[in-house]
2 protein chains.
Amino acid sequence: MPRRGQPTGPTGPVLGRALRLLDAFDAQRRELTLSELARRADMPLSTAHRLMNEFCAWGAVERTDKGLYRIGLRLWELGSLAPRGPGLRETALPFLEDLSLITRENVQLAVREGTEVVFVERIAGSGAVPVLTRVGGRFALTATGVGLVLLAHAPAEVQEEVLGSPIDRFTPKTVTDASQLRRMLADTRAKGFSVSDRQVTMDSLSVGAPIRDRHGEVVAAVSLVVRHGSTTPQALARLVRTSAQTISRALSA
Amino acid sequence: MPRRGQPTGPTGPVLGRALRLLDAFDAQRRELTLSELARRADMPLSTAHRLMNEFCAWGAVERTDKGLYRIGLRLWELGSLAPRGPGLRETALPFLEDLSLITRENVQLAVREGTEVVFVERIAGSGAVPVLTRVGGRFALTATGVGLVLLAHAPAEVQEEVLGSPIDRFTPKTVTDASQLRRMLADTRAKGFSVSDRQVTMDSLSVGAPIRDRHGEVVAAVSLVVRHGSTTPQALARLVRTSAQTISRALSA
DNA sequence: GTGGGCTTTCCGGAAAATGGAAGCCGTTAC
DNA sequence: GTAACGGCTTCCATTTTCCGGAAAGCCCAC
């Protein structure tokens, strides 16, 4: 008679475990095998298998013809109901296009989520400097043009949390000193735009401006990313601020 | 001594139940109270409460200041990893913009999911005829321009399922006869574009064309939606087919 | 053939899910 | 003023569903 396994208890709520599986997906790994999923979520294969089957049945994930798992359309559909405004992306898009046509540079639209910036839309300028970010991607609040804007207008407790923790460095020019960063944030609030000079990569510069809802609260930020040295921050600031202003007005309508 | 409740057994897998909660959200109801969620998902409040809390903890949903639940950014982020190509939307967007600038009409980009069409991107023409669809929304495969294209190139079993079931009628002009629809699909394949003449609303006409991946397989469709009678389908077809061709080429690169 | 990696199924035992009830709000009605 | 109402949250005994090791399939590469 075969020895049957002795179940060792699970260690937490089911849903949490299941959702950890979805965390395994990111921009680099859009298609994963069951084994990879189980490994990355740190759970037995059989458990992962059962859970993924349920996700599959609902349409949260689907299987490729090769048996790999990937995020399903149902999830995308649900995600598009998320309140990035409401209607922030749709409202802003035409104006971002205008900005892109005029400058032929990279245009970015982002919101804050906790202590990170999330990129909501991005238009690549033809022949512009390449940027690291991706729609749906996250980044530190402290480095980018949009990040500085969003941090400058974030609630005090968020600012404290960000400034109180070690600050990520991406280049030699990245500002990692809290008090210097505080001055930059004050400057951003005073001038109405932010400048990130070679803080993300050594050949890029970005200028961001705040987008406000009808109550005047900052809900998003727009930025231009250009090659360092190709123009002055002030010239960009005029364009970006104007665009941000226009989008704010459209949002309130 | 207080009578303690007698648990009546639940009736299914946990995850399925939890995901049913998320189904309660749609374009009309983006923010819901706990009670509404429980009602729409048909489960006790306490259960719904516990599950929603877990979703909240993970970031799938968030609570407004008034206590309402809504879809969270985390879910949007995950959703943007869904395989609408890969990179279909981002690749196609500039070309859709071109099409929109030239025609000043409505431009739509859609993919097939099962027996429905899912709209991936939509650009409203200034002053163009209003359309019912929404980004992230679904519609029958049998009525719209994009739907006809996607159905025409769908696997045989999908076509059989769609044509074998009763076909939704939206206007007096909607084609609901299976054999007539079969001829339209053959025509769409032969000509390389589809025409939906007043089949969705009595004042609109749409023309769709297929977008193919590097293997020649149809992965999406693009369409123009115009006011009925404002121009001929043939004139639109030239533009739409050209655009679809260009997007297909860009996708393969 | 056979070895390895990945997937799928099985099942006894136990952890985690369940939902009625009761306690808390804030708001409206009398 | 207070009673009634609707919605949210917490509690806990019961038991349903989930867990995961093991073993069996599968497929490809060597």
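Reminder, nothing fancy here: chain letters follow the sequence lines and each chain counts from 1. Predicted model only: the values in this text are computed from it and were never measured.
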Engineer: Taking the nucleotide of DNA chain C with the nearest heavy atom to each, does L68(A) or V14(A) sit closer to the 5' end?
Structural biologist: L68(A)
Engineer: Check the phosphate of dG5(C) against R39(A), side-chain N and O only, distance under 4.0 Å to OP1 or OP2. Yes or no?
Structural biologist: no
Engineer: Counting only side-chain N and O atoms of R17(A), is one of them less than 4.0 Å from OP1 or OP2 of dA15(C)?
Structural biologist: no
Engineer: Check this one for me: any side-chain N or O of S35(A) less than 4.0 Å away from OP1 or OP2 of dG5(C)?
Structural biologist: no
Engineer: Whole angstrom is fine here: how far is it from CD in E54(A) over to P in dA17(C)?
Structural biologist: 13 Å
Engineer: Take the protein atom CE of M52(A) and the nucleotide atom P of dT8(C), then report the distance between them rounded to whole Å.
Structural biologist: 11 Å
Engineer: Please report the distance, rounded to the nearest Å, between CZ in R20(B) and P in dA17(C).
Structural biologist: 16 Å
Engineer: If the threshold is 4.0 Å, N to carboxylate O, is there a salt bridge linking R30(B) and E36(B)?
Structural biologist: no
Engineer: Flag the pair R112(B) and E217(B) as a salt bridge only when some basic side-chain nitrogen lies within less than 4.0 angstrom of an acidic carboxylate oxygen.
Structural biologist: no
Engineer: Salt-bridged, R138(B) to E77(A), with N to O below 4.0 Å?
Structural biologist: yes
Engineer: dG26(C) C1' sits how many Å from K66(B) NZ, rounded?
Structural biologist: 15 Å
Engineer: Would you indicate, yes or no, if dG19(C) has its OP1 or OP2 atom less than 4.0 angstrom from a side-chain nitrogen or oxygen of T47(B)?
Structural biologist: yes
Engineer: Any luck finding a side-chain donor-acceptor pair between T246(B) and S243(B) under 3.5 Å?
Structural biologist: no
Engineer: Nearest whole Å is fine: how far is dA21(C) P from L45(B) CG?
Structural biologist: 14 Å
Engineer: Which nucleotide wins on minimum distance to the side chain of S46(A), given the candidates dT7(C), dC10(C), dG7(D)?
Structural biologist: dC10(C)
Engineer: Rounding to a whole Å, what distance do you find between R63(A):CZ and dC6(C):C1'?
Structural biologist: 10 Å
Engineer: Grab the CG-P distance between N53(A) and dC10(C) for me, whole Å please.
Structural biologist: 13 Å
Engineer: OP1, OP2 of dT7(C) versus side-chain N and O of H49(A): anything below 4.0 Å?
Structural biologist: no
Engineer: Could you tell me how far apart Y69(B) (OH) and dG7(D) (P) are, to the nearest whole angstrom?
Structural biologist: 14 Å
Engineer: Inspect the contact between D26(B) and R134(B) and indicate whether a charged nitrogen and a carboxylate oxygen are less than 4.0 angstrom apart.
Structural biologist: no
Engineer: Are OP1 or OP2 of dA17(C) and a side-chain N or O of R50(B) less than 4.0 angstrom apart?
Structural biologist: no
